[in-house]
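What follows is a short report on a single structure.
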Protein chains: 2
Amino acid sequence: MLRISKMTDYATVLLARLAAAPDRQLTATQLAAQSHLAAPTVSKVLKQLHRRGLVSSTLGLRGGYRLARPAAEITAAQILDALEGPMALIECARATHQCSIESTCGVGRAWQRVNLAIRRSLQEITLVELAGLGGEPVRFAALERALRGGRAERT
Amino acid sequence: MLRISKMTDYATVLLARLAAAPDRQLTATQLAAQSHLAAPTVSKVLKQLHRRGLVSSTLGLRGGYRLARPAAEITAAQILDALEGPMALIECARATHQCSIESTCGVGRAWQRVNLAIRRSLQEITLVELAGLGGEPVRFAALERALRGGRAERT
DNA sequence: CCTATATAGGACTAGTTTAGTACTAGATTG
DNA sequence: CAATCTAGTACTAAACTAGTCCTATATAGG
């Protein structure tokens, strides 16, 4: 199905809310209310985002969360990595792969290239675009550039 | 993690084997041996591929499987769809979505575009390339073209 | 100093999905 | 009619996901 988890989806929504109010500091409760999500779940996601350095937090009374850096410097790939770990379409594409037939099947290599292409495109999409703040829609030009750059060997 | 299931991975390997021997007819047992996979699992995947029309089969003694059409006419997207159903990064991107905050969050729309871009790129990758039969590696030019075509509104 | 409000971290549970197996039925060849 | 295939379905075990709860800690303010 090639899907991202709900948590990652939630994370994007929450980050988009934070991006829309860069100067303010929002609590987990506020974000939950804005997003119509359950408070404990929101809290969990924000904690994870903090752990991975995408948001900064203030403890105690009047505490809350805000983006750790400008929305333009947060990419879709970073969000995915933060919530789900480094993405890999198939096991073969991961660092420690052990495939007895890889030398003959060649499929792994092909998937790896697809994997890389998708990954690079996700690195070019920023939170600004995901949050719809840029005015313009997602820049597919960026996608193209990423893919073109990924083609190490010329055709 | 943005991954495909093992079954889909197996399907690709099996289809690659069939693509490598277009004139022959291979049994599930033979394919299992070639691929170092468990016979029942291979059988299950092949049955699914048959159901979705990617392979044709012959019953009875001397039966077996072969590709339903040339490898060049089987795409990565078709394989994914056959094994996992229509792909969608997030729930919002599916046909019957019900998201109370979609009008304000805008995130769903952005993911949908990413989704579409990936999907189109997968439609341009054929089994020939996945199986490594084309001589040339996966054509990233095709990926680019697909993405460029996906950009309905100009920048 | 004490309390209310926050985040931080971890443990835990229920539900769903995935992977794999087993069994029965039907088709074809010889 | 027997051997060898595929077809379909049902089932089980394991893994993952989503979500909740509890405890600890930090801060602001009375």
Side-chain angles (χ1 to χ4, degrees), chain A residues 1-14 18 24-33 35-68 80 82-85 87-91 94, chain B residues 1-14 18 24-33 35-68 80 82-85 87-91 94:
Chain A
M1 212 94 65
L2 203 63
R3 57 204 287 228
I4 60 180
S5 73
K6 281 191 185 178
M7 291 300 170
T8 306
D9 192 11
Y10 296 162
T12 314
V13 172
L14 296 173
L18 289 172
R24 292 182 58 199
Q25 180 146 278
L26 300 171
T27 68
T29 308
Q30 289 173 322
L31 286 166
S35 312
H36 298 122
L37 297 173
T41 302
V42 168
S43 190
K44 181 182 183 177
V45 173
L46 287 168
K47 277 182 271 189
Q48 182 66 13
L49 287 173
H50 175 257
R51 224 169 283 151
R52 298 318 200 86
L54 292 184
V55 304
S56 65
S57 66
T58 307
L59 294 179
L61 190 57
R62 306 243 173 127
Y65 294 94
R66 79 194 86 120
L67 292 184
L80 274 169
L83 274 289
E84 316 189 13
M87 85 169 207
L89 276 185
I90 56 172
E91 213 59 35
R94 317 191 74 157
Chain B
M1 213 97 60
L2 203 61
R3 59 202 288 229
I4 62 179
S5 73
K6 281 191 187 179
M7 291 301 169
T8 306
D9 191 12
Y10 296 163
T12 314
V13 172
L14 296 173
L18 289 173
R24 291 182 57 197
Q25 180 145 282
L26 299 172
T27 69
T29 307
Q30 288 174 323
L31 285 166
S35 311
H36 299 121
L37 297 172
T41 302
V42 168
S43 190
K44 181 182 182 177
V45 172
L46 287 168
K47 276 182 270 190
Q48 183 67 12
L49 288 173
H50 176 257
R51 224 168 283 150
R52 298 319 199 85
L54 292 184
V55 303
S56 66
S57 65
T58 307
L59 295 179
L61 190 58
R62 307 246 171 126
Y65 293 94
R66 78 194 87 118
L67 293 184
L80 274 168
L83 274 291
E84 316 189 12
M87 85 167 209
L89 276 184
I90 56 173
E91 213 59 37
R94 318 192 73 158

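Each chain gets a letter, A, B and so on, in the order the sequences are listed, and its residues count up from 1.
Here A:R62 reaches the OP1 or OP2 of D:dG29: one of its side-chain N or O atoms lies under 4.0 Å away. Within the 4.0 Å cut-off from OP1 or OP2 of D:dT6, not a single side-chain nitrogen or oxygen of B:H50 is found. Considering only side-chain N and O atoms, B:S57 lies nowhere under 4.0 angstrom from the phosphate OP1 or OP2 of D:dC5.
Both B:Y65 and A:Y10 lie near DNA chain D, and the one whose nearest nucleotide falls closer to the 5' end is B:Y65. In terms of position along DNA chain C, the nucleotide closest to A:L59 lies nearer the 5' end than the nucleotide closest to the other residue of the pair B:P40 and A:L59. In this structure, B:A39 and B:G60 both approach DNA chain C, and ranking their closest nucleotides by distance from the 5' end singles out B:A39.
Closest to the side chain of A:A28, out of D:dA7, C:dT7, D:dT6, is C:dT7. Closest approach to the B:M7 side chain among D:dA28, C:dA8, C:dG20 is made by C:dG20 (side chain taken as heavy atoms from C-beta onward). Across C:dA4, D:dT4, D:dT20, the shortest atom-to-atom separation from the side chain of A:L61 is found for C:dA4. The nucleotide whose nearest atom lies closest to any side-chain atom of B:R51 is, among D:dA26, C:dG9, D:dT9, D:dT9.
Among the atoms of the strands shown, none is found under 4.0 Å from any heavy atom of B:S43. B:T58 comes within contact range of the sugar-phosphate backbone alone, with a heavy-atom separation under 4.0 Å but no base atom that close.
Between A:I4 and A:D9, the shortest heavy-atom contact is CD1-N, 4.4 Å.
As a whole-Å value, the separation of A:L26 CG from C:dT7 P is 10 Å. Here the P atom of nucleotide C:dA6 and the NZ atom of A:K47 are 15 Å apart, to the nearest Å. Rounded to whole Å, atom P of C:dA6 lies 14 Å from atom CG of A:L46. For the pair A:Q48 CD and D:dA18 C1', the computed distance is 14 Å after rounding to whole Å. Counting to the nearest Å, the C1' atom of C:dA27 and the CD atom of B:Q25 are 13 Å from each other. With rounding to whole Å, A:K44 atom NZ is found 8 Å from D:dA18 atom P. In this structure, A:L14 places its CG atom 14 Å from P of D:dA18, rounding to the nearest Å. Atom C1' of nucleotide C:dT18 and atom CZ of B:R3 are separated by 9 Å, given to the nearest angstrom.
Between B:L49 and B:L83 there is a side-chain heavy-atom pair separated by less than 4.5 Å. Side-chain atoms of B:Y65 and B:K47, non-hydrogen and from C-beta on, do get closer than 4.5 Å to each other.
The distance from the CG atom of B:L18 to the CG atom of B:L46 is 7.0 Å, given to the nearest 0.5 Å. In this structure, B:L14 CG and B:L31 CG are separated by 5.5 Å, a value rounded to the nearest 0.5 Å.
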